[in-house]
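What follows is a short report on a single structure.
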Amino acid sequence: MSFSAADHGFMALALQLAARGLNTTTPNPRVGCVLVKDGHVLAEGWHAVAGGPHAEAAALAALAQAGRDARGATAYVTLEPCSHFGRTPPCADALVAAGVTRVVAAMKDPNPLVAGAGLAKLAAAGAVVECGLLEAEARELNRGFVSRMTRGRPWLRLKVAASLDGKTALNNGVSQWITGPDARRDAHAWRARSCAVLTGIGTVKDDNPRLTVRDVPTTRQPLRVVIDSRLETPPEAAILEGGRVLIAAAVDHPERAPVLRARGAEIVVLPNVSGKVELADLLAELGRRGINEVLAEAGTRLNGSLLREGCVDELLIYQAPLLIGDAARGMFGLAELSDLAGARRLNIIERRVVGADFRIRASLA
């Protein structure tokens, strides 16, 4: 399928619009729509918040408000228009009713309730339907939604702040602050787009973090998830303040659990055969709760467990120009290798300077 330079430009605009909902659409995908006629943009729309108008409906509403109509127009949408009734009516029906004659979608909707049905409905109504324009960019924007729809679990990014020699904390646990304020602000932007932030009981005890979004503007706080096999989270822990908290445990301790619930925490018990939390089951549970993206900010041991058990999709590593020394704590608690053939290979997605530090994004090969 061949797309023109103009097609690329209009879809790029739709993707920019979709990104405006980066921090707000969960559990829905981020979607943008541009209505075009005779080479001119008639209206723009994007999905802003779950339960609100979808991108296509927002664009049609903007067009109507301007006193124009969409007859004979082309709709550029970053995700296949929906074909079913949810909290809003089907967008495919709305486009047909408005007289749109061509629909260009970046990608099919992985949601089994749609999965090509929206495009089929448009084609059956006589619209010219094309799909696949800037698909990689659209898929990247909705990594978490695609993961949840196709794998039943969220996309997990593991964030690490380390020195240049790969150390995340002194041997006594002190880690504040290895990286500078610009890197910390950047990390808060990744928190803001995430549906949940995950950590372990070791980090709660050592750092007493809040794990809320503070350094960038936000209209919501992500769910905070603590992996705490024996329910050792102190009732006075800072993480129990300022929003929703889910504690994943291996036991429902008769004395500790009521105290933590009284502090507002929800507890799920997901044991494995070793008496620890079964991490894969936790990700599945988060998927059932509509969690698309998880940002893990944990310590060496949990980082290693997440990697070993295949839970990590992407690494987000901030490195500061510091040397801390061999006795300090490393990034990942992984077993020693005797052969480099056993090393985990990474695909580098992005390298960036953030203030005085470096940020590396990488996916697991």
query: Could you state the interatomic distance from CG (D182) to CZ (R359), rounded to the nearest 0.5 Å?
result: 12.0 Å
Please tell me whether [X] and [Y] have a donor and an acceptor in their side chains that are separated by less than 3.5 angstrom.
X    : Y    : answer
R214 : T212 : yes
R191 : S194 : no
D228 : T233 : yes
N292 : R148 : yes

- request: With side chain to side chain contact (heavy atoms under 4.5 Å, CB included) as the test, would you mind laying out the steps for E314 and L158 before giving the verdict?
  value: CA-CA 6 Å; E314 188 176 308; L158 177 54; over 6 Å; no
Anything under 3.5 Å between a donor and an acceptor, one on a side chain of residues 99-106, the other on a protein residue two or more places apart or in another chain? List them.
from: T101; atom 1: OG1; to: G72; atom 2: O; distance (Å): 3.4
from: R102; atom 1: NE; to: E130; atom 2: OE1; distance (Å): 2.6
from: R102; atom 1: NH1; to: D7; atom 2: OD1; distance (Å): 3.2
from: R102; atom 1: NH1; to: Y76; atom 2: OH; distance (Å): 3.4
from: R102; atom 1: NH2; to: D7; atom 2: OD1; distance (Å): 3.4
from: R102; atom 1: NH2; to: D7; atom 2: OD2; distance (Å): 3.1
from: R102; atom 1: NH2; to: E130; atom 2: OE1; distance (Å): 2.9

query: What about L42 and L95, same hydrophobic cluster or not, with Ile/Leu/Val/Met/Phe/Trp/Tyr joined at side-chain heavy-atom distances under 4.5 Å?
result: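 L42 clusters together with L95.
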message: Whether the side chain of E297 engages the backbone of K159 through a donor-acceptor N/O pair (distance < 3.5 Å, no angle test) should be reported.
response: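 Answer holds: no.
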- prompt: Heavy-atom count around R220 CZ within 6.0 Å, excluding the residue itself: above 12?
  reply: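 Atom CZ in R220 is packed in, count exceeds 12.
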field: More than 12 heavy atoms from other groups under 6.0 Å of CZ on R210
entry: no
query: Relative to W190, does R157 satisfy both conditions: NZ or CZ under 6.0 angstrom from the six-membered ring centre, and within 45 degrees of the ring's axis?
result: no
